[in-house]
Amino acid sequence: DMEVAIKVVVVGNGAVGKSSMIQRYCKGIFTKDYKKTIGVDFLERQIIVNGEEVRLMLWDTAGQEEFDAITKAYYRGAQACVLVFSTTDRESFQAINSWREKVEAEVGNIPTVLVQNKIDLLEETVIKNEEAEALAKRLKLRFYRASVKEDLNVTEVFKYLAEKYLQR
Ligand code: GDP
Ligand code: MG
C-alpha cells in the first residue's frame, strides 16, 4: 500500500492556541505554559481514514506570526490548512481573511477548515455565533468550535481534513 502523507499548516494570530492544538493532537498533552515554539518543524500523527493509513504532519509556526515573517518554506507543499481564531480575541477573528489569502497565495486552494478555539472560555466571548457562522459560510469552509484545553473537537478537525484531502 502507498502511504498517504499530508502536510497540514496551522495558521492564525499569535496566542490563539495553534502550538497547543498540535501538541494536543500529536502528543495528547495540554500545558498552560505559553511556549513560543515547540522546537521542531512539525509533529505527526497517523490515523486510519476509510480504511486507509494517513500520516498527518502538522507544521507549527515558531511564533513569527506577529512579524509577518512566516517563510515560504513553512507553506511550501502544504496540502491542508487549519485557520484558527480565539473565542477571546476579536483581532484574531478579523485576521482570518488575510490568513486565508496568504495561504492561498502560496499554495492555492487546499482543503481548509475554520476553527474557533478556546470555546471553554465562552463566558468571555467577544465573537457572536452568527458572525463566526457567517464568516465560515462566506469562505465556504467547514466550521468547528473547539477547546484544545478540554480536548473538544480537536480530533474531529483533523479527521475532517484528512477525509477532505482523500476526496479531492
Ligand atoms: P499559538 O501562539 O497560537 O501557538 O498559541 P499557544 O498554543 O501558544 O497558546 C496560547 C495560550 O493559550 C497558552 O497559554 C495556552 O495554554 C492557551 N490555550 C490554548 N488552547 C486553549 C484552550 O482551548 N482554552 C484555553 N482556556 N486556553 C488555551
Ligand atoms: Mg505557537
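These numbers come from a predicted model, not from an experiment. As the structure lists them, so they are numbered: ligands from 1, and atoms in each ligand from 1.
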Identify whether Val8 and Val4 are in the same connected component of the hydrophobic contact network (ILVMFWY, side-chain heavy atoms under 4.5 Å).
yes

Checking heavy-atom distances from atom 4 (O) of ligand 1 to each of Gly17, Ser19, Gly12, the winner is Ser19

Geometric N/O contact Asp60 with ligand 1, under 3.5 angstrom:
no

If we count only N and O atoms by modelled type, under 3.5 Å, do the side chains of Gln116 and Thr87 hold a donor and an acceptor together?
yes

So, Ser19 and the Mg ion (ligand 2): N/O/S under 2.8 Å, yes or no?
yes

Can you name the atoms of ligand 1, numbered from 1 with element, that are less than 4.0 Å from a heavy atom of Leu121?
26 (N)

With nothing but distance in play, are any N or O atoms of Phe30 less than 3.5 Å from an N or O of ligand 1?
no

Quick one: which of Ser147, Ser92, Ala15 has a heavy atom closest to atom 1 (P) of ligand 1?
Ala15

Side-chain H-bond candidate by donor/acceptor type, Asn129 with Arg145, under 3.5 Å
yes

Decide yes or no for Thr88 and Thr125: does some side-chain heavy atom of the first lie under 4.5 Å from some side-chain heavy atom of the second?
no

Ligand-side contact atoms (ligand 1) for residue partner Ser20, heavy atom cut-off under 4.0 Å
6 (P), 7 (O), 9 (O), 15 (C), 19 (C)

Decide whether an N or O pair under 3.5 Å exists between Val148 and ligand 1.
yes

For Glu44, give me all partners under side chain to side chain donor-acceptor pair (under 3.5 Å), at least two apart in sequence or on another chain.
Arg55

Under the side chain to side chain donor-acceptor pair (under 3.5 Å) rule, collect the residues that match up with Tyr165, sequence neighbours excluded.
Gln79, Arg168

Contact atoms of ligand 1, heavy-atom distance to Gly14 under 4.0 Å
2 (O)

Which of these, Asp120, Ile119, Thr31, Thr88, has its nearest heavy atom closest to atom 22 (C) of ligand 1?
Asp120

When you look at CD of Glu163, are more than 12 heavy atoms from neighbouring residues, nucleotides or ligands closer to it than 6.0 Å?
yes

